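Notes to accompany the following structure.
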Protein chains: 2
Amino acid sequence: MGRWEPDARGRMLGAAMELFTERGYEQTTAGDIAERAGVTERTFFRHFSDKREVLFAGTEVMQQAVADAIAGAAAEATPLDAALAGMRAFGEVLEERREHAVRRSRIVAANPALQERELLKLAAMTDLAADGLRARGVDDLVASLAAQSAVAAFHVAFARWLADEAARPFGEILDEADAALRALR
Amino acid sequence: MGRWEPDARGRMLGAAMELFTERGYEQTTAGDIAERAGVTERTFFRHFSDKREVLFAGTEVMQQAVADAIAGAAAEATPLDAALAGMRAFGEVLEERREHAVRRSRIVAANPALQERELLKLAAMTDLAADGLRARGVDDLVASLAAQSAVAAFHVAFARWLADEAARPFGEILDEADAALRALR
DNA sequence: CCATCAATGTCAGTTACTGACATCGACGGT
DNA sequence: ACCGTCGATGTCAGTAACTGACATTGATGG
């Protein structure tokens, strides 16, 4: 047994969600989160590069899922098909944590600073997708545009999935966005 | 004549560009900018809501140009056509300030915090474009996707325009991105 | 000549972070 | 059983981004 209670990181993640929900993001200091988690503020910043990052932990899992899906897409898939396969994989990860995703997105929606960070993560996903397409031999310009288009469809579908009263599966909503995207002239 | 030298804002904008170029964004404090501009730090924060904003002044002009172009697009233009017309108008404003855009983007490229802000502004543009399309009677989902696609094309074209050795006009590069976008399957 | 107003200055305070150094328990080697 | 190292945490001081409250001053209209 360690000198301290185990899973400090997990406790901070939980404390942050609680406090952000209770008082809001801006009304919560990094010290507040650390205190509730039973650590010091310094430890908080050792685990998370900044205060916002506590809401964006675990993106690596998503990124891996996306990268794998793109790399593993059928050889005859078009660039857009492959990129969208990545977004579908992303959606599957989300589906497993729907409740968490909803609560989290409420917090993010209330804060421009958090929206910025979300956009940055989405941009990282776009770059990842474009890299994946280039690795499949797709031309540079086409890779960038297919990646951006796929992420655009994801973004729109994600917002609709969150707002959906009927709790329809993400894949279904993404399919609609996909169809509408391809129908654009 | 005022109590102070006129155009404090303009002096701060200039001082910021100079200092960011000389030492970099992070090595420049808000106080440094204020000092070079001959004002106090407090005045800096009265003109710019935060340190990053000094690099994003004047986006209202762009936004107006985009909104006007979308509203003024031919009635028979498709949603994507109209949204891209907005991006073309954006490009024209950029073209007038190419030198400034290049220097500015170098600073932004060197800083994740500034990239975040740029993404937020781009997202605001996307929302603006989507609003413009909806005002034309375009369906909600289609408006969102057309706006996102157009901004995606803009984004890719902008990066290529900045990197272009031959200094080709933005409109030409945007046309290529447009064509590649529509060719996606 | 005076009241008002807008832009700035002054100053104190909070909070997000960072660097340097100390502490302590686990663990492997001897 | 002892020791040296190591990883995770604590402690503390410091910087810089903001914010609120209040004072100052020159222009301006009456």
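Everything numeric here is computed off the predicted structure, so don't read it as measured data. Below, all heavy atoms of this structure are taken into account, side chains as well, without hydrogens, waters or symmetry copies.
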Practice task
Test Glu118(A) against Arg104(A) for salt bridge (Lys or Arg N to Asp or Glu O under 4.0 Å), laying out the working first.
Solution key: CA-CA 11 Å; Glu118(A) 183 132 287; Arg104(A) 188 180 152 290; 2.9 Å; yes
Practice task
Using the six-membered ring wherever Trp is involved, compare the ring planes of Phe158(B) and Phe154(B) and label them parallel, tilted or perpendicular (cut-offs 30° and 60°).
Solution key: parallel
Handout entry: DNA chain D-proximal residues of residues 114-124 of chain A, any heavy atom under 4.0 Å
Key = none
Exercise for the section: Look at Asp81(A) together with Arg88(A) and state whether they make a salt bridge at an N to O cut-off of under 4.0 Å. Expected result: no
Handout entry: Interatomic distance where CD belongs to Glu5(A) and C1' belongs to dA26(C) [whole Å]
Key = 16 Å
Problem - Pairing of Arg46(A) and Glu41(A) as salt bridge, 4.0 angstrom limit - result: no
Handout entry: Nucleotide dA17(D), atom P - distance to CG of Asn111(B) in whole Å
Key = 12 Å
Handout entry: Ionic contact status for Asp32(B) with Arg36(B), cut-off 4.0 Å
Key = no
Exercise for the section: Would you kindly give the CD-to-P distance between Glu35(B) and dA16(D), to the nearest whole Å? Expected result: 13 Å
Problem - Between dA8(D) (C1') and Met12(A) (CE): distance, integer Å - result: 11 Å
Handout entry: Arg160(A) to Phe170(A), cation-pi by 6.0 Å centre distance and 45° axis angle
Key = no
Handout entry: Separation of atom CZ in Phe44(B) from atom C1' in dA7(C), rounded to whole Å
Key = 17 Å
Handout entry: Separation of atom CG in Leu55(A) from atom C1' in dA16(C), rounded to whole Å
Key = 16 Å
Problem - Electrostatic pair Glu116(B)-Arg117(A), nearest N-O below 4.0 angstrom - result: yes
Problem - Aromatic Phe45(A) / basic Lys51(A) pairing, under 6.0 angstrom, 45° off normal - result: no
Practice task
Please figure out whether Thr29(B) or His47(A) has its closest DNA chain D nucleotide nearer the 5' end.
Solution key: His47(A)
Handout entry: Nucleic acid footprint by protein, nucleotides 17-24 of chain C - heavy-atom cut-off 4.0 Å, B for base, S for sugar-phosphate alone
Key = BBBB--BB
Problem - For atom CZ of Phe48(B) and atom P of dA7(C), their distance in whole Å - result: 14 Å
